[in-house]
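Have a look at the structure below, then the notes.
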Amino acid sequence: MRTVRAPATSANLGSGYDVFGLALETPADVVRAERAEETSISVTGVGSTYIPEDPKSNTVGAVAEALGVTAHIHIDKGVRPSSGLGSSAASAAGAALALNALYDLGHSRTDLVSAAAEGEALVSGEAHADNVAPSLLGGFTVVTEDGITQVDASLSLVACLPETVVSTRDAREVVPSSTSRAAVTETVGNAATLAVGMTRNDPDLVGQGMDDPVVTPARAALIDGYDDVRAAALEAGATGVTVSGAGPSLLAVCRTGNQRAVADAMLETFDDAGVESRAYQTRVGQGAMLYD
């Protein structure tokens, strides 16, 4: 048997739509794999009743097929489905690493990204790697057609998850199909600022670079209370706030020492809007960890 802890992630980070990703220290899935003649799946944990155990409908079944192996795979969910925190990606990344070790396949973590992305295709309809890459590699990742660039980063974060559901497919449908030249220029400048900030572990640059005039406003409209919660987090000391992935989670970048104030402000403002929520005071994390 092989056991892997695979972290939650935040994709897009505002200005890096379908390109940027970030591993979080918490929450995380725990995936266990043991050899079997046929692939079977069992799921426990948060939101497990909504996750199919049929290998043809589950992300980890697609990963096993992509790697050409069979196994019994147990997923203990710590990352809620439809949270915007890379729930399916955490399971897929964990399964890829566990199966690679279980069968001594010899793939590098970077090699495993493509297999894990096949699992993501079951959720979003396309094999996106912006969540599975940071879950496997850790830190801040930039995913393009030419490959993956990874940077170890150290930043304080708050991920606030309201008790609402925004599906990845629905969130993709609201993304504008075109935009202005001015919006493109602004987004490129912000993305560049964010990337530089990650290399410097600079929360001010990263926060500044999260602003996005195209995708984020469209997705924010799907989240009750978004504008007020974002404003409250910034007032409490966050350097930047955006929709995490497809939502409904919000990701706030913080200076060291003000995570609690930011988390409390976000929770209180969601509560004022009549929305229950929970906040993870976390940091940029490592990639998936193999325990045995």
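One is the number of the first residue; the rest follow in order along the sequence. Side chains included, hydrogens not; waters and symmetry mates left out as well; all remaining heavy atoms used.
- Applying the 6.0 Å contact sphere to CD of Glu53 captures more than 12 heavy atoms from other residues, nucleotides or ligands.
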Query - side-chain hydrogen bond (donor to acceptor under 3.5 Å, both in side chains) between Ser249 and Ser244, worked out - result: CA-CA 5 Å; Ser249 287; Ser244 178; 5.5 Å; no
Report task. Walk me through it: do Asp111 and Ser108 pass the test side-chain hydrogen bond (donor to acceptor under 3.5 Å, both in side chains)? Result -> CA-CA 5 Å; Asp111 293 338; Ser108 70; 3.1 Å; yes
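- Residues Pro7 and Ala28 come closest through the heavy atom pair CA-CB, 3.9 Å.
- Under the 3.5 Å distance criterion, the side-chain polar atoms of Asn258 are left unmatched by any main-chain donor or acceptor of Ala261.
- The minimum heavy-atom distance linking Arg219 with Gly245 is given by the pair NH1-O, 3.2 Å.
- Between Asp212 and Pro217 the shortest heavy-atom distance is O-CD, 3.3 Å.
- Ala133 and Ile148 get closest at one heavy-atom pair: CB-CD1, 4.2 Å.
- Put simply, the side chain of Asp130 never gets that close to the backbone of Phe20: no donor and acceptor are under 3.5 Å apart.
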Query raised in the report: Does the pair Asp204 and Thr239 meet the rule for a side-chain hydrogen bond (donor to acceptor under 3.5 Å, both in side chains), with working shown?
Result: CA-CA 6 Å; Asp204 293 297; Thr239 62; 5.3 Å; no
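- Applying the salt bridge (charged side-chain N to carboxylate O under 4.0 Å, His left out) definition to pairs two or more places apart or across chains, those involving residues 22-39 are Asp29-Lys77.
- No donor-acceptor pair under 3.5 Å is formed between the side chain of Ser156 and the backbone N or O of Arg283.
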Report task. Begin with the C-alpha distance, continue with both residues' side-chain angles, and end with the deciding distance and a verdict on side-chain hydrogen bond (donor to acceptor under 3.5 Å, both in side chains) for Ser154 and Asn201. Result -> CA-CA 6 Å; Ser154 179; Asn201 296 319; 5.2 Å; no
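- Closest heavy-atom contact between Ala93 and Val132: CB-O, 4.4 Å.
- Paired with Leu157 under the rule side chain to side chain contact (heavy atoms under 4.5 Å, CB included), one option of Thr26, Leu22, Val206 passes, and it is Leu22.
- More than 12 non-hydrogen atoms from other residues, nucleotides or ligands lie less than 6.0 angstrom from CD of Glu163.
- Note: Asn12 CG to Met210 CE = 10.5 Å, rounded to the nearest 0.5 Å.
- Using modelled atom types, one finds no donor on one side chain facing an acceptor on the other under 3.5 Å when comparing His72 with Thr39.
- For the residue pair Arg80 / Ser87, no side-chain donor-acceptor distance below 3.5 Å is found, with atom types taken as modelled.
- Here CG of Leu137 is found 5.0 Å from OG1 of Thr110. Values are rounded to the nearest 0.5 Å.
- With respect to the salt-bridge test (charged N to carboxylate O, under 4.0 angstrom), the residues Arg230 and Asp211 qualify.
- Annotation: the span from Ile73 atom CD1 to Asn58 atom CG amounts to 8.0 Å, rounded to 0.5 Å.
- Between Gln259 and Val158, the shortest heavy-atom contact is O-CG2, 3.6 Å.
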